[in-house]
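What you see is a predicted model, and the numbers here were worked out from it, not measured in a lab. Reminder, nothing fancy here: chain letters follow the sequence lines and each chain counts from 1.
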Amino acid sequence: MLDIQLLRTDLDQVEARLATRGFKFDAGRFRAMEEERKHIQVRTQTLQSERNQASKAIGQAKAKGEDTHVQMQEVARINETLAADEASLNDIQARLEAFLLDFPNLPHASVPVGKSESDNVEVRRFGTPRTFDFEVKDHVALGEGLGLLDFETASKLSGARFSILKGDLSRLHRALSQFMLDTHTRDHGYTEMYVPYMVNAETLRGTGQLPKFEADLFSVPRGDQGKHYLIPTAEVPLTNVVRDVILQEADLPMRLTAHTPCFRSEAGSYGKDVRGLIRQHQFDKVELVQIVHPQHSYAALEELTGHAEKILQLLGLPYRVIVLCTGDMGAGSSKTYDIEVWLPAQNTFREISSCSNCEAFQARRMQARFRNEKNKPELVHTLNGSGVAVGRAMVAVLENYQNADGTVSVPAVLQPYMGGVTVIGRQPA
RNA sequence: GGAGAGAUGGCCGAGUGGUCGAAGGCACUCCCCUGCUAAGGGAGCAUGCGGUCAAAAACUGCAUCGAGGGUUCGAAUCCCUCUCUCUCCGCCA
């Protein structure tokens with residue numbers, strides 16, 4: 001959600017900056033709604049004021065035992081027009097809010113302008129892709145070859161885009177998330193959180209998934225009314241921890257992390273990544289969230305991105321960091337770095353983490369604030385990033401650490417989490 | 001699932017139809033006093049959204065006492081619905 005004050009004072013700038021993201025902002029419509037709002041609001045509040053004064057006078061008159069019939073009729077007359085005014089005020093305010101909730105965030109000045117992912121800019125690389133003296137297998141061939149990855153049974157249970165891991169592969173998956181959590185809590189100053197996997201609509205509105213992206217979510221009906229949504233990322237529950245909270249400045253920065261499953265309907269991705277574990281309805285992720293002072297949010301973005309990178313460095317996985325262009329960023333973000341890990345079977349880099357500074361976009365929706373130097377409530381800035389996607393990390397480990405015989409070596413940092421297992425081989429069923 | 005109690009400002013807590021955005025306390029900020037270890041005195045101190053205004057400050061209006069609706073000239077206070085919290089019973093990992 002954007003600052004409505006900014007819209008009122010600098011509409012042209014907002015329009016121009018949103019245009020760089022391919023968002024067509026109907027300024028004329030906004031102006032018209034604002035004018036209508038102002039007109040109705042002033043009129044309504046004037047009437048309310050009159051009513052309040054008159055009612056107060058009635059109370060005072062009654063206390064003195066005076067007759068108040070005339071005054072009561074007067075207020076009744078005010079109320080006749082007031083009811084309609086209040087209704088139209090509610091209506092225009094709801095329409096304005098819906099209009100504003102639809103807006104994406106303004107991109108930061110340092111974000112390259114572009115239309116699609118082809119305009120994203122690489123900022124750095126780590127590691128050198130390994131050269132193989134045998135034909136590389138992709139993670140599906142590896143996993144299924146070892147008898148540890150089973151899409152067929154998963155589809156019997158749940159349909160497409162689900163998977164079953166077995167034995168040491170399942171353990172590798174667990175080892176990865178444990179390793180990530182330990183690293184972030186021990187070395188990067190994050191507090192581990194266990195959070196709900198089902199949340200209400202207000203929570204999703206806070207982080208920006210609703211109302212616009214409902215189609216991407218799974219939901220479950222809740223008895224008499226309403227529903228719960230399955231979280232598409234732990235960003236949602238972690239960030240909403242501070243919804244409707246006024247923090248002390250000393251509380252900042254807050255660094256939170258959680259390992260959760262994530263559920264995405266993947267509507268609109270038909271035909272994309274149908275093979276393998278890359279795009280599933282259910283996947284695990286260790287998420288990083290920071291709640292920070294507005295002055296420090298860009299430093300925090302660099303830091304948070306570094307925390308995610310550290311995981312890949314320790315795992316010895318080659319990657320690159322790219323900055324998303326204006327046209328490719330998520331709606332809530334002002335600036336996003338994607339980290340892409342090297343997948344030898346695809347001979348390409350694939351996204352494994354996305355780290356964003358949302359500035360006050362989510363904070364404004366959530367009314368997440370802190371008391372600043374002047375003791376005034378001020379919106380915090382929120383950041384989030386994958387630290388990192390567990391399933392995709394496992395894919396990367398499988399492919400990058402595969403051996404000629406179809407077994408997979410376990411990266412050194414994971415071996416303690418694997419009970420000393422150094423090579424994942426074929427296991428008896 | 002059954003029965004009961006409750007939800008008020010950053011926190012605690014008073015307030016059952018009118019001058020209540022709300023006593024008192026704690027915390028916090030400023031000032032005064034005081035050489036000392038939870039000392040005393042005074043003042044200030046909710047949030048959101050408007051209007052005057054380019055903006056800040058200032059002034060001012062409206063809304064908000066869990067949420068929504070209703071009764072009333074007037075609702076924190078009365079009525080209805082819902083949500084949440086707590087206690088007891090049942091069930092359960």
- Task: Kindly express the pairing pattern of RNA chain B in dot-bracket notation, using | wherever a base pairs with another strand and counting only Watson-Crick or G-U pairs under 3.5 Å.
- Result: ((((((((.[[[..)..(.....]]].(((((.......))))).(((((((.....))))))).[[[[[..)....]]]]])))))))....
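- The residue among A/Gly59 and A/Gln5 whose nearest nucleotide of RNA chain B lies closer to the 5′ end is A/Gly59.
- Heavy-atom nearest nucleotides on RNA chain B were determined for A/Arg37 and for A/Gln60, and the one closer to the 5' end corresponds to A/Gln60.
- Side chain of A/Arg243 to main chain of A/Ala368: no donor-acceptor pair is present (N/O by atom type, distance under 3.5 Å, no hydrogens or angles).
- One C1' atom belongs to B/G15, the other to B/G1, and the distance between them is 36 Å to the nearest Å.
- Between A/Glu34 and A/Arg8 a salt bridge is recorded (basic side-chain N to carboxylate O distance below 4.0 Å).
- Remark: A/Arg171 CZ to A/Leu414 CG distance equals 11.5 Å, nearest 0.5 Å.
- With ring centers used as reference points, A/Phe23 lies under 6.0 Å from A/Phe103.
- Contact of the A/Leu6 side chain with the A/Leu2 side chain is not registered, since no non-hydrogen atoms from C-beta on lie closer than 4.5 Å.
- Distances shown here put every side-chain N or O of A/Arg371 at or beyond 4.0 Å from the OP1 or OP2 atom of B/U29.
- For B/A57 and B/G6, the C1' atoms lie 43 Å apart once the distance is rounded to whole Å.
- Proximity of A/Lys335 to A/Ser356: side-chain heavy atoms (C-beta onward) are nowhere separated by under 4.5 Å.
- Counting any heavy atom pair closer than 4.0 Å across all strands shown, A/Ile78 reaches no nucleic acid atom.
- Between B/A75 and B/U64, the distance separating the two C1' atoms is 13 Å to the nearest Å.
- Aromatic ring centres of A/Tyr298 and A/His381 lie farther apart than the 6.0 Å criterion allows.
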Report, one pair per line, the protein and nucleotides 62-64 of chain B atoms (nitrogen or oxygen only) whose separation is under 3.5 Å.
residue: B/C62; atom: OP1; partner: A/Ser49; partner atom: OG; Å: 3.4
residue: B/C62; atom: OP1; partner: A/Asn52; partner atom: ND2; Å: 3.3
residue: B/C62; atom: O3'; partner: A/Gln48; partner atom: OE1; Å: 3.2
residue: B/C62; atom: O2'; partner: A/Gln48; partner atom: OE1; Å: 2.7
residue: B/A63; atom: OP1; partner: A/Arg51; partner atom: NH2; Å: 3.0
residue: B/A63; atom: OP2; partner: A/Asn52; partner atom: ND2; Å: 3.3

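- When the nucleotides B/C73, B/G48, B/C49 are ranked by their closest atom to the side chain of A/Pro377, B/G48 comes out on top.
- B/G48 atom P lies 12 Å from atom CG of A/Asp3, rounded to whole Å.
- Atom CE in A/Met33 sits roughly 14 Å away from atom P in B/G50 (whole-Å rounding).
- Rounded to whole Å, the distance from CG on A/Asn372 to C1' on B/C28 is 14 Å.
- Here, B/C45 and B/A22 have their P atoms 10 Å apart, quoted to the whole Å.
- The nucleotide whose nearest atom lies closest to any side-chain atom of A/Arg369 is, among B/C49, B/G48, B/C73, B/G48.
- Rounded to a whole angstrom, the distance from the C1' atom of B/C84 to that of B/G66 is 7 Å.
- Whole-Å rounding puts the A/Lys376 NZ to B/A46 P distance at 8 Å.
- Among the atoms of the strands shown, base atoms are found under 4.0 Å from some heavy atom of A/Lys62.
- Rounded to an integer number of Å, the gap from A/Gln41 CD to B/U60 C1' is 14 Å.
- Look at the C1' atom in both B/G90 and B/G4: the space between them is 15 Å, to the nearest Å.
- Taking the side chain of A/Val42 as heavy atoms from C-beta on, and the options B/C73, B/G51, B/U47, the nearest nucleotide is B/G51.
- A distance of about 14 Å separates the P atoms of B/A67 and B/C11, rounded to the whole Å.
- Rounded to whole Å, the distance from CG on A/Leu82 to C1' on B/G74 is 13 Å.
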- Item | Chi angles and distances behind the salt bridge (Lys or Arg N to Asp or Glu O under 4.0 Å) call for A/Lys310, A/Glu303 | CA-CA 10 Å; A/Lys310 186 74 182 175; A/Glu303 176 194 287; over 6 Å; no
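- When heavy atoms are screened at a 4.0 angstrom cut-off, A/Gln367 is found touching the sugar-phosphate backbone but no base atom.
- Taking both residues in full, the closest heavy atoms of A/Ala308 and A/Ser386 are given as CB-O, 3.4 Å, listed atom of the first, atom of the second, then distance.
- For A/Lys56, the side-chain atoms get nearest to B/G21 when compared with the rest of B/G21, B/G18, B/C49.
- Ring centers of A/His281 and A/Phe263: at least 6.0 Å apart, outside the cut-off.
- If you take CD1 of A/Ile246 and P of B/A46, they are 11 Å apart, rounded to a whole angstrom.
- Counting only heavy atoms from C-beta outward, the side chains of A/Leu101 and A/Lys212 never approach each other to under 4.5 Å.
- Rounded to whole Å, atom C1' of B/C49 lies 7 Å from atom CD of A/Gln93.
- The separation of B/A76 from B/U8, taken at their P atoms, amounts to 16 Å, rounded to a whole angstrom.
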